[in-house]
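Computed from a predicted model, the values in this text were never measured in an experiment. In what follows, chains carry the letters A, B, and so on, assigned in the order in which the sequence lines appear, proteins first and then strands, with residues in each chain numbered from 1. Note: hydrogens, waters and symmetry copies are ignored here, and every other heavy atom, side chains too, is used.
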There are 2 protein chains.
Amino acid sequence: MSKQELPIIDAGVDVSGPACCAPLVCEPLSDSEAVELAPLFKAIADPVRLRLLSLIACHEGGEACVCDLTGAFDLTPPTISHHLKVLRQAGLIDSERRGTWVYYWINPGVLARMSALIGPASAALAGTA
Amino acid sequence: MSKQELPIIDAGVDVSGPACCAPLVCEPLSDSEAVELAPLFKAIADPVRLRLLSLIACHEGGEACVCDLTGAFDLTPPTISHHLKVLRQAGLIDSERRGTWVYYWINPGVLARMSALIGPASAALAGTA
DNA sequence: GCGCTACTTAGACAAACATCTAATCAGGAG
DNA sequence: CTCCTGATTAGATGTTTGTCTAAGTAGCGC
């Protein structure tokens with residue numbers, strides 16, 4: 001068992017549920033929806049975290065050990081660890097210790113929710129323009 | 001004419017072109033790709049800017065005057081203006097002055113590119129998980 | 001136990017950011 | 001031209017963020 005778990009988010013808010021809100025078009029986002037969604041985008045709004053996400057997603061088996069990741073950056077292990085923590089607290093990734101190593105994998109639900117917000121908007125407006 | 005213009009970005013980088021990079025899965029994002037993409041997500045990684053984007057997208061005609069937007073927030077006009085500038089410099093919106101008022105509309109290309117990055121990843125990994 | 005490796009936490013610090021007030025620019029009406 | 005309204009720019013300020021070094025926790029092998 002690895003990524004077959006329940007989508008338990010280790011930060012407070014559960015953001016992995018069914019899309020909560022209209023996809024940016026149709027109906028203006030409420031303040032509380034925006035406050036809930038913005039941190040998800042903030043989590044990937046950093047070059048290092050974008051690459052971490054990509055490295056994990058592309059790694060064989062869909063999961064990667066921290067030691068697979070640190071080599072790709074000119075950053076110290078604590079910094080990588082910090083970025084992984086930010087991603088995990090946003091619910092974008094989950095992790096598990098397996099012996100000496102800690103493995104990370106992507107929680108597709110949260111990514112899907114983010115995509116569902118901006119994807120339809122771009123499509124709808126592209127048609128309109 | 002309003003949103004039929006060329007996709008001219010008033011900041012440096014042109015981010016509206018054809019998708020530059022694989023969609024997060026398949027091949028790890030390069031450092032330069034990540035550096036180029038992260039600011040797009042940073043631009044929408046704020047509750048106010050998310051709502052601004054949504055308010056503009058939902059407004060009739062696909063465009064909104066600044067005066068249509070300020071009322072939705074408990075913020076001063078300069079602050080709204082600042083957030084609109086951030087969105088515009090990221091290439092997410094474009095603007096035009098028409099008489100007394102300044103109108104903003106969404107540039108769907110940039111939004112589409114962002115969606116293309118994270119959408120396929122969530123779909124692919126959801127299938128894998 | 002002891003030491004080694006893998007990773008995380010704690011604390012410090014400079015850079016970036018969101019917000020405000022005050023001042024400025026652009027157009028329209030008298 | 002003068003005033004008023006709509007919007008942006010400039011500058012100041014408190015907060016957040018990315019990074020580091022130093023210290024701590026967790027598992028493995030001797």
Side chain to side chain contact (heavy atoms under 4.5 Å, CB included) against [X], all qualifying residues, sequence neighbours excluded:
X         : value
Thr100(B) : none
Ser81(B)  : none
Pro39(B)  : none
Ala38(B)  : Pro47(A), Leu50(A)

Next on the checklist: Please give the remaining members of the hydrophobic cluster of Tyr103(A), linking ILVMFWY side chains under 4.5 Å, ordered by chain and number.
Outcome noted: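 ILVMFWY cluster around Tyr103(A) also holds Trp101(A).
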
Checklist entry - Base, sugar-phosphate, or nothing for Tyr104(B), non-hydrogen atoms under 4.0 angstrom? => result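 Sugar-phosphate contact only.
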
Checklist entry - When all nucleic acid strands are considered with a 4.0 Å heavy-atom cut-off, which category describes Tyr103(A): base, sugar-phosphate, or nothing? => result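 No contact.
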
Next on the checklist: According to side-chain hydrogen bond (donor to acceptor under 3.5 Å, both in side chains), who are the partners of Thr70(B), at least two apart in sequence or on a separate chain?
Outcome noted: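 Partners of Thr70(B) under the side-chain hydrogen bond (donor to acceptor under 3.5 Å, both in side chains) test: none.
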
Item to check | Non-hydrogen side-chain atoms of Leu40(A) and Leu92(A) separated by less than 4.5 Å | outcome: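 Heavy-atom side-chain distance check fails, nothing below 4.5 Å.
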
Length of the line joining [X]:[atom1] and [N]:[atom2], which is rounded to integer Å:
X        : N       : atom1 : atom2 : value
Asp68(A) : dC7(C)  : CG    : C1'   : 13 Å
Gln89(A) : dT9(C)  : CD    : P     : 9 Å
Arg51(B) : dA18(C) : CZ    : C1'   : 16 Å

Give me, pair by pair, the N or O atoms of the protein and of nucleotides 19-23 of chain C that are less than 3.5 Å apart, along with how far apart they are.
from    : atom 1 : to       : atom 2 : distance (Å)
dT19(C) : OP2    : His83(B) : NE2    : 2.3
dC20(C) : OP2    : Thr76(B) : N      : 3.2
dC20(C) : OP2    : Thr76(B) : OG1    : 3.1
dC20(C) : OP2    : Thr79(B) : OG1    : 2.7

Next on the checklist: For residues 38-52 of chain B, which residue pairs pass the side chain to side chain donor-acceptor pair (under 3.5 Å) check, not counting sequence neighbours?
Outcome noted: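 Every side chain to side chain donor-acceptor pair (under 3.5 Å) pair that includes a residue of residues 38-52 of chain B, provided the two are not neighbours, is Arg49(B)-His83(B).
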
Item to check | Distance in Å, Cys65(B) SG paired with Tyr104(B) OH, rounded so as to fall on 0.5 Å steps | outcome: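 Answer for the SG-OH pair, Cys65(B) versus Tyr104(B), is 10.0 Å.
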
Next on the checklist: Under the side chain to side chain contact (heavy atoms under 4.5 Å, CB included) test against Ile93(B), which residue among Val86(B), Leu111(B), Leu53(B) passes?
Outcome noted: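 Checked Val86(B), Leu111(B), Leu53(B) against Ile93(B); only one passes side chain to side chain contact (heavy atoms under 4.5 Å, CB included): Leu53(B).
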
Item to check | For chain A, the stretch of DNA chain D it reaches, first to last nucleotide, under 4.0 Å of its heavy atoms | outcome: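 Both ends considered, the range comes out as dT17(D) to dC28(D).
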
Next on the checklist: When you measure from the side chain of Asp94(A) to the backbone of Trp105(A), do you find a donor-acceptor pair of N or O atoms at a distance under 3.5 Å?
Outcome noted: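 Checking the backbone N and O of Trp105(A) against the side chain of Asp94(A), no donor-acceptor pair under 3.5 Å is found.
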
Between the protein and nucleotides 27-30 of chain C, which nitrogen or oxygen pairs come in under 3.5 angstrom?
none

